[in-house]
Chemist: 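Below is the structure I would like to discuss, written out as structure tokens.
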Amino acid sequence: MKRHSPPTLFTRRPNRWHRTPSTAYSKLHPAQRNTSTVTELEGAPWIHVATTYQWVNGRHNQWRFEPSNEIYDLRFRQWPDVSMNCVEVEAAEAERWKRDQARTWRRHRERMDAVEEKIRGAERRIREKREMARGVRQQWKRHEETWEKVLSSPRKLSFGEIPWPTFEPPRSQEDLTPEKIEAFLLSKLHSGELKNIQRIRAAQKRWHPDRFQRVLLKIHPNERDQVDKAAGRVARCLNDMMAREVDKTL
């Protein structure tokens with residue numbers, strides 16, 4: 001009895017391996033590839049591969065993962081709660097971020113307001129000082145011009161028309177205090193080119209009792225005595241100021 005050798009997948013060719021179909025099994029219609037066909041070809045060395053492929057192909061759908069109803073229900077039963085928790089957490093984080101931003105902006109605005117208030121205060125003080133300096137210079141200028149008018153006036157003068165060395169016109173001799181006289185004569189806002197001693201010496205020449213007599217003759221007789229006492233008070237204050245300035249230079 002002649003024994004047939006089983007078909008092979010590869011046949012030997014010179015210098016290479018060449019793939020050749022072993023049987024007509026691969027040409028069969030899928031409906032014809034049944035168990036009987038595989039049984040007839042049991043002797044083929046590759047039959048176990050075909051059998052395994054047929055078994056796997058028939059049970060492929062059974063191998064797909066199908067979660068149990070318990071797991072499926074638990075997942076979709078808990079997801080809404082988890083989703084809501086995530087939304088709530090994100091909303092809380094957003095609200096906290098908004099509060100932090102608002103607090104940071106409020107602090108920044110407060111600091112900016114404080115800085116702006118300091119700037120406005122500094123500008124206001126500078127403006128006040130400039131206005132005060134302008135006012136003092138104008139008042140000193142009027143003081144000097146009034147003295148020229150007093151010396152050249154042909155009519156009788158009153159106590160209020162005398163250019164007293166104070167910022168505010170005095171109503172009586174009691175208002176002519178050393179502090180007010182010194183503040184007016186030694187102000188740094190006028191006569192900046194003159195030293196304190198020079199200012200006091202010029203005022204002494206003007207208010208000296210002997211020189212003031214020509215002014216006293218122009219005063220109304222009813223107020224002449226009051227003006228004379230007030231002028232003597234100014235002269236004494238000037239002498240005290242000069243003594244203090246001289247002591248400073250020693």
Chemist: For the pair R109 and D113, find out whether any cationic side-chain nitrogen is under 4.0 Å from an anionic carboxylate oxygen.
Modeler: yes

Chemist: Let me confirm one number: the CD1-CZ distance from I181 to F167, rounded to the nearest 0.5 Å.
Modeler: 12.0 Å

Chemist: So does K248 pair up with E245, basic N to acidic O under 4.0 Å?
Modeler: yes

Chemist: In plain terms, say whether D100 and R103 are close enough for a salt bridge, that is, a side-chain N and a carboxylate O under 4.0 Å apart.
Modeler: yes

Chemist: Is there side-chain contact between H220 and F159, with heavy atoms separated by less than 4.5 Å?
Modeler: no

Chemist: Using 30° and 60° as the class boundaries, would you call the ring planes of W164 and F212 parallel, tilted or perpendicular?
Modeler: tilted

Chemist: State, with a plain yes or no, whether a side-chain heavy atom of Q173 is found less than 4.5 Å away from one of Q226.
Modeler: no

Chemist: For the OG atom of S187 and the CD atom of E182, what is their distance to the nearest 0.5 Å?
Modeler: 11.0 Å

Chemist: One thing to verify: whether R155 and E161 come together as a salt bridge, which I'm taking to mean a side-chain N less than 4.0 angstrom from a carboxylate O.
Modeler: yes

Chemist: Flag the pair W207 / P165 as yes when at least one side-chain heavy-atom distance between them is below 4.5 Å, and no otherwise.
Modeler: yes

Chemist: For the residue pair T166 and L176, establish whether any side-chain heavy-atom pair is separated by less than 4.5 Å.
Modeler: yes

Chemist: On the 0 to 90° scale, with breaks at 30° and 60°, tag the W105-H108 ring pair as parallel, tilted or perpendicular.
Modeler: tilted

Chemist: Thinking salt bridges, do E123 and R120 make one under a 4.0 Å N-O criterion?
Modeler: no

